[in-house]
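Input: a single structure, listed below in C-alpha cells.
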Amino acid sequence: MSKQAELRCRCGQVSGIVTDASPRTVNRVVCYCDDCQAFAHQLGRADLLDASGGSDIVQIAPASLTLVRGQHLIAGLRLAPKGLFRWHTTCCNTPVGNTLSPAVPFVGIVVQAFETGSQTPDEVFGPPVGAILGKHAIGQPPAGSTGMNLSLLVRAIGKVLGWRLRGRAWPHPFFNRDTREPVYPLTVLSAEQRKALRQFCGPHPTAHAT
Ligand SMILES: [Zn+2]
Ligand SMILES: [Zn+2]
C-alpha cells in the first residue's frame, strides 16, 4: 500500500512530502561511492555515513517530492562541473536530493531525511534492496557491494523509465520545467576543493572528520 512520507532536515526548518511512498515504488540502495562520501564530508555531515562510508539512499520520482517549507534554505552542490546535482539545506546541511539533469528523472534522498520520530524509513520504504560501489567502501567492502549487480541495475533503469513514461518527471522539485534550469543556487567545487576531500574517503582514508 502506498502512503505519504514526510521529509525533514535535521533542524526542522525545511520539510517536504513524498507521495506514493512504498517499497514497491522506490529504489533503496546503499551507495559506497567516493562522491557520496565526499559530499557528506563537504557538508560536515559524516554522521550520515555508515561505518563503511555508505550512504543509504531512496530513489523516487521527481513528481513524488514536494517541498513545502524552507525552500529559501536550499542550495545545490556539484563535486565537478558535470557531476550530480546534490541538493541540500543551508540551515543544517541535510542532503535533500541527488539528481541528474531532469532528462533522467529521479531524486535520490538519504534515508535520515525520513527519520522524523513518528516515521522510520524502514516502515515506509522497506530495507535497502542492495548495495553498490563497495570498492570505495572504507575497509572491507560489505558483502554483495562490489562488482556489477545486474538485477539492481535493471531495477533502477526500470524505475526511471517507468517514471518518465508515466509522466512522473514533472513537476521536478529542483528544476524549472520551462527553462530546465535549477531553481536553487548552485556551487561547483574546484578541482582543488574536490581533491581535498579525498583524504576522508575510502577505501583507505588518511584523515578523519573532526
Ligand atoms: Zn535544517
Ligand atoms: Zn554514491
Side-chain angles (χ1 to χ4, degrees), residues 6-18 26-60 65-80 82-101 104 106-117 119 121 128-139 141-142 144-149 152-153 155-157 159-160 173-174 184-185 189 194 197-198 200-203 205 209:
E6 188 191 356
L7 169 146
R8 202 161 66 191
C9 70
R10 184 172 60 181
C11 77
Q13 292 187 77
V14 176
S15 64
I17 294 291
V18 171
V26 307
N27 197 32
R28 180 176 173 188
V29 172
V30 181
C31 184
Y32 293 96
C33 85
D34 51 5
D35 280 350
C36 285
Q37 294 181 48
F39 176 53
H41 285 287
Q42 175 67 22
L43 292 181
R45 293 301 309 273
D47 61 291
L48 298 170
L49 302 172
D50 70 21
S52 304
S55 299
D56 190 342
I57 305 278
V58 177
Q59 287 189 343
I60 63 168
L65 171 61
T66 307
L67 294 161
V68 295
R69 208 151 50 92
Q71 288 96 323
H72 62 291
L73 298 169
I74 292 176
L77 183 78
R78 301 183 95 174
L79 299 174
K82 295 197 167 161
L84 280 187
F85 296 88
R86 294 172 181 271
W87 307 102
H88 62 88
T89 69
T90 55
C91 42
C92 58
N93 283 354
T94 299
V96 290
N98 297 334
T99 71
L100 284 168
S101 82
V104 186
F106 74 89
V107 180
I109 305 171
V110 293
V111 294
Q112 286 92 339
F114 297 103
E115 282 165 0
T116 61
Q119 145 200 301
V129 293
I132 56 169
L133 297 165
K135 69 176 178 185
H136 301 288
I138 292 169
S145 67
T146 55
M148 174 91 153
N149 188 326
L152 264 190
L153 190 66
R155 182 184 163 99
I157 292 172
K159 287 269 178 280
V160 170
F174 303 108
Y184 298 110
L189 292 191
R194 176 68 188 86
L197 295 166
R198 298 224 178 261
F200 300 110
C201 303

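We number each residue from 1, following the sequence as shown. Just so you know, ligand 1 is whichever comes first in the structure, and atom 1 is the first atom listed for that ligand.
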Taken to the nearest 0.5 Å, the spacing of Leu133 CG from Thr146 OG1 works out to 10.0 Å

For Arg155 and Val129, run side chain to side chain contact (heavy atoms under 4.5 Å, CB included): C-alpha distance rounded to whole Å, both residues' side-chain angles, the deciding distance at 0.1 Å, then the answer. CA-CA 10 Å; Arg155 182 184 163 99; Val129 293; 4.0 Å; yes

Please give me the protein atoms (N, O or S only) lying under 2.8 Å from the Zn ion (ligand 2), ordered by chain and number. Cys31 SG, Cys33 SG, Cys36 SG

Just verifying a value: how many Å separate Ile57 CD1 and Gln112 CD, rounded to the nearest 0.5 Å? 8.5 Å

Rounded at 0.5 Å granularity, tell me how far CZ in Arg69 sits from SG in Cys9. 8.0 Å

Inside 2.8 Å of the Zn ion (ligand 1) but strictly below it, how many protein N/O/S atoms are present? 4

Side chains of Leu152 and Val29: does their closest heavy-atom pair fall under 4.5 Å? yes

Among side-chain atoms of Arg45 and Asn93, is any donor-acceptor pair under 3.5 angstrom? no

Just to verify, what does Arg10 make a salt bridge (Lys or Arg N to Asp or Glu O under 4.0 Å) with, not counting sequence neighbours? none

Residues which pass side-chain contact (heavy atoms from CB on, under 4.5 Å) with Ile109, listed by chain and number, not counting sequence neighbours: Leu7, Ile60, Leu65, Val107, Ala113, Phe114

Residue pair Arg28, Val111: steps toward the side chain to side chain contact (heavy atoms under 4.5 Å, CB included) verdict: CA-CA 9 Å; Arg28 180 176 173 188; Val111 294; 3.5 Å; yes

